[in-house]
There are 2 protein chains.
Amino acid sequence: MVATLHDVALLAGVSIKTVSNVVNDYPHVRPSTRTKVEQAIAELGYTPNPTARSLRSGRTNVIGLAVPDLALAYFAELTAAVIAAAEASGLSVVVEQTGTGDRAREISVLTNARRKMTDGLIFSPLEMGPEDVDHLDVGYPLVLLGERIFDGPTDHVTMRNVEAARAATEYLIHSGRTRIAVVGAHEDEVIGSSALRMQGYREALAANGIPFDPALIGPSIEWHRANGAHSMADVIARGVPFDAVFALNDTLAFGAMRALQEAGLRIPDDVAVMGFDGLDEAQYSIPSLTTVDPGRDWIARTAVDTLRERVRIDNTQPPTLKLAEFTILERESAPPA
Amino acid sequence: MVATLHDVALLAGVSIKTVSNVVNDYPHVRPSTRTKVEQAIAELGYTPNPTARSLRSGRTNVIGLAVPDLALAYFAELTAAVIAAAEASGLSVVVEQTGTGDRAREISVLTNARRKMTDGLIFSPLEMGPEDVDHLDVGYPLVLLGERIFDGPTDHVTMRNVEAARAATEYLIHSGRTRIAVVGAHEDEVIGSSALRMQGYREALAANGIPFDPALIGPSIEWHRANGAHSMADVIARGVPFDAVFALNDTLAFGAMRALQEAGLRIPDDVAVMGFDGLDEAQYSIPSLTTVDPGRDWIARTAVDTLRERVRIDNTQPPTLKLAEFTILERESAPPA
DNA sequence: ATGAAAGCGCTAACAG
DNA sequence: CTGTTAGCGCTTTCAT
């Protein structure tokens, strides 16, 4: 019922190989032949069967993307960007969710049945750590995202967390703020986003001769909006003066702004607020949120391109680490100096 | 290098057909044979090649999901739910984004190349309308979501917009509010979420003898957070008294709460706020948002199950319309009576 | 209950 | 520049 290469070849009066050559833009085809074939293709409404193509070629043109949960805004937007980048390369994306707080599930995504139907995987874990590095030694192209594991056996695309957090903090300092609270800190954690962003914060303070004050640090393991509010409220309750807040992500910042407002503090007059992630929604909050775009779109594009290279060329090059450039999006919650 | 059915058959000393029978849980296999084969499978670490399976069987066990944009919270959470439901059925999901405000792109997703590699499509358009109903007459299993097109040629799974909006409004009325503003209205629109939810709102007023007051209606085409704030600010600026707000979705409600707060109005003491969508984030706002869960998870599960039926059984039954039950999630922004 | 053989639609070698 | 052939790994008749 649906046309095949064979049908086209018959109608065009050529061999099936010639049709294949036309379809795949093989250069050495006589123009007249090409036209003839293209007419037959149009007449029959032929489109290649991707399954047959995959079986024969060993490639599916489908990639996997594994993220914790699409209900987390950052991962939703990252996924949106990966899908857009993949589509631009003619790839389809099968999205998988590993859940939050489930290390075993993250590890299992590396070897589940879907790996046999994708050419490669872009993987953003939130629970695995350096001790799991061996699990990344899989037999297919894998691009790692995030800041849980460095120096693994695979390509790694991520953001400049320390530098970006330092720049964000210095942005606040340069706009005249000296007492900068933090919201969302993971105490005693040494790997992951929180630890790296805290390091950038401390570097900025040190470089500008501002003492680090533990009373300004609001902890929170989870990074929902309510956590931002509570973490901020904690700092406020301590009664220490502060004139700015660095929220370790935008969702926390939304909550922190709510808590500040509740406490009668004006943004940015009394307290400037800086977020991190560059979420779309950050431009629509009131006041709009000054935040760090860590280069999400670049990360998505680069992850897709890196994966494509590994799929196309053979997968024997040494692993690479690619770091996105960041941008501070200057908005109302923290005006520039 | 990677084991095939053939390898397993050789090792187990049976034919390839028998191995296939074991792998596919075909019932009539002698227990001793089954054991032998299973051992061989384990020894070789055999897993079926999904591409070959698809080529032969004509099914891929992959479904498509087309939504406007994952950066819109409702669609991110819907996608999360669809992926979870599909996984529970052993299906993979290829996610596609049609963008916002691009009717042609929505139409094109129905016929693009990906349709040849999926068993069916779950499709949630935002721009297509009743005039596009013929485009839905595709040759593969298609499940329509949303409220742009009714009475089309395909299965349709959606929410009870009118009833849910009416119940939400009556919830406010029963808690003692009589001057209920609306945020996010699409003026003069007759199809789509806004029109249906407005209808529910008007029905609730009428049923309770409350006159409809146009001065309470805040219009907004887009439904970002800032729109909710502006739409709310419009109503406030008119100087008409009101004691509740029905935001036509949760994102608008977040913005509306911000505008209320800015105007010095307390939630819920001065003004109760009701949202719509049941977003995860609605439980983390401050105050937490009372909202209508329109049955998002049920919609996702039902869409997947409906699609599976169409794929499994032949696709000749008349189209069905399936409507989710809704729930009002009682939180701080609008306490119950 | 199991085996033999055909072939899904395509691409890759190799001829010519 | 184009045709022939083989076969990717599996499921599906059809036999037995």
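Please read these numbers as outputs of a predicted model, since none were measured by experiment. Protein chains get the first letters and strands the later ones, always in sequence-line order, with residue 1 at the start of each.
- Between the CG atom of A/L44 and the P atom of C/dG9 there is a distance of 14 Å, given to the nearest Å.
- Atom NE2 of B/H6 and atom P of C/dA5 are 13 Å apart (whole Å).
- Separating the NZ atom of B/K116 from the C1' atom of C/dC8 is a distance of 13 Å, rounded to the nearest angstrom.
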Evaluation steps, side-chain contact (heavy atoms from CB on, under 4.5 Å), between A/R53 and A/R59
CA-CA 8 Å; A/R53 187 175 263 184; A/R59 298 231 243 100; over 6 Å; no

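- B/R34 has its CZ atom 13 Å from the C1' atom of C/dT2, to the nearest Å.
- Between B/D155 and B/K322, none of the side-chain N atoms (NZ, or NE/NH1/NH2) sits under 4.0 Å from a carboxylate O, so this pair counts as no salt bridge.
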Given the rule in the side-chain contact (heavy atoms from CB on, under 4.5 Å) test, do B/E96 and A/I83 qualify, once you have shown the distances and angles that lead to the verdict?
CA-CA 7 Å; B/E96 293 170 72; A/I83 290 173; 5.7 Å; no

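- Nearest heavy atom pair, residue B/P50 against residue A/M117, reads CG-CB, 3.8 Å.
- Residue B/S15 places at least one side-chain N or O under 4.0 Å from the OP1 or OP2 atom of C/dG3.
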Sugar-phosphate means primed atoms, P, OP1 and OP2; the rest is base. With that split, encode nucleotides 11-16 of chain D 5' to 3' as B, S or - using protein heavy atoms under 4.0 Å.
BB----

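- In this structure, A/T33 reaches the sugar-phosphate backbone alone: every heavy-atom distance under 4.0 Å involves primed, P, OP1 or OP2 atoms, never a base.
- When every heavy atom of A/F326 is checked against every heavy atom of A/P294, the shortest pair comes out as CB-CA, 4.0 Å.
- Between the CG atom of B/D7 and the C1' atom of D/dC10 there is a distance of 13 Å, given to the nearest Å.
- For the pair B/V23 and B/Y46, the tightest heavy-atom approach, listed with the atom from each and the gap, is CG2-CE2, 4.0 Å.
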